[in-house]
Amino acid sequence: MNVMLAVRLLAAVAVGYLLGGIPWALIIGLRLHNVDVRQHGSGNLGATNVYRTLGARSAILCLLLDAAKGSAAVAVAALIVSIGSFGPVANTWAMILATMAAILGHSYSPYIKLRGGKGVATAAGALLILTPYPWPFLLGIFVVIVVTSRMVSLGSVLIALAYPVLCFIFYPGDWTIVGFATVAAALVIWRHRANIVRIWRGEEPKISFGGKGSATTEKESD
């Protein structure tokens, strides 16, 4: 591998991890409400726990900011590599690595002793840039499932299952993207393994759409 390309790919990973690690849920809680969301609900640093703890407005803000950092990580990674004119394959790999790094940063933030959330919103923002064609379908599936079941975790698991299939449909022959989608889906499902068990047993808590969410301590899909 070209040394300069390797350096740029490492830079893309570093940028993705550092951007992904910004703990917006914690920042919003402390700055706007003087509340440490790690001490409430599930303790998860993501939009679902913010919703349960602080209400819908703060949760929407957290959701948008978490998605934005995922998009920013991928966009910056693409810029870092494209400046060197290494070609489309290198560009794709830079975006994939930045996506994974951003999700890892959200889940294990370097700013708060490797704590975080599950990275679904951050992943959604990254995938909007990396693989835009499946995105509207994933969003539609997620919204329908969450509205009908009131379980964010179920929506997250189902879009994880749908993502590789949609990538196979929209990016035929691009095995780099399809392979990434499969690995990413497996990671999301693994992170939700406890939720899956509770869903199977009928024990998964459900969110309320009126005011603040219910005061349960489930491990949300943030």
Side-chain angles (χ1 to χ4, degrees), residues 12 15-25 27-28 42 44-51 56 58-78 92 94-109 116-171 177-178 180-192 195 207 213 219-222:
V15 169
Y17 182 67
L18 293 174
L19 283 174
I22 299 173
W24 284 118
I27 294 170
I28 291 169
S42 69
N44 240 19
L45 288 174
T48 307
N49 199 37
V50 170
Y51 174 69
S58 293
I60 292 171
L61 177 61
C62 180
L63 180 69
L64 292 175
L65 288 173
D66 279 347
K69 70 184 183 184
S71 294
V74 176
V76 171
T92 298
M95 293 191 291
I96 288 174
L97 291 173
T99 297
M100 299 301 292
I103 297 170
L104 187 66
H106 178 86
S107 300
Y108 305 99
S109 173
K118 293 186 177 177
V120 174
T122 302
L127 298 182
L128 178 61
I129 306 299
L130 177 63
T131 52
Y133 298 138
W135 206 90
F137 297 92
L138 296 173
L139 178 61
I141 292 169
F142 183 78
V143 170
V144 169
I145 295 301
V146 172
V147 169
T148 55
S149 71
R150 294 190 292 122
M151 290 186 286
V152 176
S153 55
L154 180 59
S156 300
V157 169
L158 290 180
I159 62 172
L161 291 171
Y163 182 52
V165 177
L166 290 170
C167 283
F168 180 79
I169 294 171
F170 285 107
Y171 303 97
I177 288 294
V178 174
F180 158 75
T182 303
V183 172
L187 288 174
V188 170
I189 293 170
W190 172 255
R191 292 276 290 167
H192 287 82
N195 301 83
I207 62 172
K219 300 297 182 182
E220 294 100 339
S221 300
D222 296 322

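Scope of the values below: all heavy atoms of this structure, side chains included, with no hydrogens, waters or symmetry mates.
With sequence neighbours excluded, the residues satisfying side-chain contact (heavy atoms from CB on, under 4.5 Å) with V146 are F142, V152, I207, F209. Every ring pair (Phe, Tyr, Trp, His ring centres under 6.0 Å) that Y171 has, sequence neighbours left out, goes to Y133. L19 meets the side-chain contact (heavy atoms from CB on, under 4.5 Å) test with V15, I22, A72, A73; sequence neighbours excluded. Judged as a side chain to side chain donor-acceptor pair (under 3.5 Å), and not counting sequence neighbours, the contacts of S58 are H33. In this structure A78 satisfies the side-chain contact (heavy atoms from CB on, under 4.5 Å) test together with N91, M95, sequence neighbours excluded. Scored by the side-chain contact (heavy atoms from CB on, under 4.5 Å) test, I129 finds S71, V74 as partners (sequence neighbours excluded).
For the side-chain contact (heavy atoms from CB on, under 4.5 Å) with L154, the lone residue among I159, N195, I145 that qualifies is I145.
Using a 4.5 Å heavy-atom cutoff, the side chains of F180 and T99 are in contact. Between V188 and L161, the closest side-chain pair of non-hydrogen atoms is not below 4.5 Å. Contact check for I60 versus L63: no side-chain heavy atoms found under the 4.5 Å cut-off.
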Going through the checks in order, is the side-chain contact (heavy atoms from CB on, under 4.5 Å) test met by L65 and I28?
CA-CA 10 Å; L65 288 173; I28 291 169; 4.1 Å; yes

For K118 and S156, what are the C-alpha separation, side-chain angles and deciding distance, and is it a side-chain contact (heavy atoms from CB on, under 4.5 Å)?
CA-CA 10 Å; K118 293 186 177 177; S156 300; over 6 Å; no

Would you tabulate the side-chain donor-acceptor contacts of residues 162-169 under 3.5 Å, counting partners in other chains and residues two or more places apart, or write 'none'?
from, atom 1, to, atom 2, distance (Å)
Y163, OH, T131, OG1, 2.8

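The shortest non-hydrogen separation linking V50 to C62 is CG2-SG, 4.1 Å. Closest of all the heavy-atom pairs between A77 and A12 is CB-CB, 3.6 Å. Between A102 and T122 the shortest heavy-atom distance is O-CG2, 3.8 Å.
Each side-chain hydrogen bond (donor to acceptor under 3.5 Å, both in side chains) pair with one or both residues in residues 135-149, not counting sequence neighbours, would appear here, but there are none. Among residues at least two apart or in separate chains, salt bridge (Lys or Arg N to Asp or Glu O under 4.0 Å) pairs with a member in residues 58-77 are D66-K69. Screening residues 121-146 for salt bridge (Lys or Arg N to Asp or Glu O under 4.0 Å), with sequence neighbours left out, gives no hits. Sorted by first then second residue, the salt bridge (Lys or Arg N to Asp or Glu O under 4.0 Å) pairs that include residues 159-168, not counting sequence neighbours, number zero.
Judged by distance alone, with hydrogens and angles left aside, the side-chain atoms of H106 form no donor-acceptor pair with the main-chain N or O of V120 at under 3.5 Å. Side chain of S107 to main chain of G117: a donor-acceptor pair is present (N/O by atom type, distance under 3.5 Å, no hydrogens or angles). Not one N or O on the side chain of N44 forms a donor-acceptor pair closer than 3.5 Å with the backbone of N49.
Within the model, atoms CG of L45 and CD1 of I27 stand 10.0 Å from one another, a figure rounded to the nearest 0.5 Å. How far NE2 of H192 is from CG of L158: 10.5 Å, rounded to the nearest 0.5 Å.
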